[in-house]
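To keep things clear, I will list the structure first and then write my remarks on it.
Positions are given from 1 along the sequence. Remember, it's a predicted structure, so these values are computed and weren't measured experimentally.
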Amino acid sequence: RFLLLSSFALEVVSIFVGTMTGGLLLGHGPQEAVKKMIGYQSPLALLHYHHEFEYLTTQICFLQGLFHWLGAVAIELVLSKPKETTSAKRMNKSLA
């Protein structure tokens, strides 16, 4: 249960931080008073350069949540239930 709950919490944090960062970047409107255009190779380069903490939080929380969910599913499949048949046990172990 802990892995599933922590997976959900980490995914919510990832979505929240990503949405807030996108809103922050898009909320300034067009910038017309720029003296010199600053070029980035990709939108991720801009995010990585100016908002490194938010970038890392989104990436790490998403991956950690994914790993927690995969671990929870694997543990659920490996541990046998009391009234499971032998064929169901074999099938669950092969899926895990």
Side-chain angles (χ1 to χ4, degrees):
R1 267 197 179 150
F2 171 75
L3 287 175
L4 288 175
L5 290 175
S6 63
S7 169
F8 178 74
L10 287 167
E11 296 303 328
V12 167
V13 168
S14 173
I15 291 169
F16 178 74
V17 171
T19 303
M20 293 306 294
T21 304
L24 176 74
L25 290 173
L26 294 173
H28 293 296
Q31 304 293 321
E32 297 169 3
V34 176
K35 303 242 190 258
K36 180 175 106 177
M37 293 297 289
I38 300 172
Y40 295 99
Q41 299 297 332
S42 68
L44 281 177
L46 170 78
L47 187 64
H48 183 68
Y49 183 75
H50 289 290
H51 302 282
E52 187 173 356
F53 175 74
E54 290 85 354
Y55 173 75
L56 288 174
T57 302
T58 304
Q59 296 292 320
I60 291 171
C61 284
F62 176 76
L63 288 175
Q64 193 66 35
L66 182 65
F67 290 146
H68 281 211
W69 180 78
L70 288 172
V73 169
I75 288 171
E76 182 73 25
L77 289 173
V78 168
L79 295 178
S80 61
K81 291 159 187 67
K83 296 183 180 182
E84 232 175 16
T85 63
T86 307
S87 60
K89 288 178 186 177
R90 273 189 255 146
M91 182 182 68
N92 285 340
K93 286 190 181 187
S94 68
L95 286 173

Distance (rounded to the nearest 0.5 Å) between Glu11 CD and Ser6 OG
10.0 Å
Is Leu3 linked to Phe8 within one hydrophobic cluster, defined over Ile, Leu, Val, Met, Phe, Trp and Tyr using a side-chain heavy-atom separation of less than 4.5 Å?
no
To the closest 0.5 Å, what do you measure between CD (Gln64) and CD (Gln59)?
13.0 Å
Between the CH2 atom in Trp69 and the OG atom in Ser7, the distance rounded to the nearest 0.5 Å is 8.5 Å
Considering non-hydrogen atoms only, spot the tightest contact between Val13 and Cys61 and give its length.
CG1-SG, 3.7 Å
Please enumerate all residues that pass side chain to side chain donor-acceptor pair (under 3.5 Å) together with Thr86, with sequence neighbours excluded.
none
If I take atom CD1 from residue Ile15 and atom CG from residue Leu10, how far apart are they, to the nearest 0.5 angstrom?
11.0 Å
According to a 4.5 Å side-chain heavy-atom criterion applied to Ile, Leu, Val, Met, Phe, Trp and Tyr, with indirect links allowed, do Leu66 and Val73 form part of one hydrophobic cluster?
yes
Pairwise side-chain contact, Thr57 with Phe53, heavy-atom cut-off 4.5 Å (strictly under)
yes
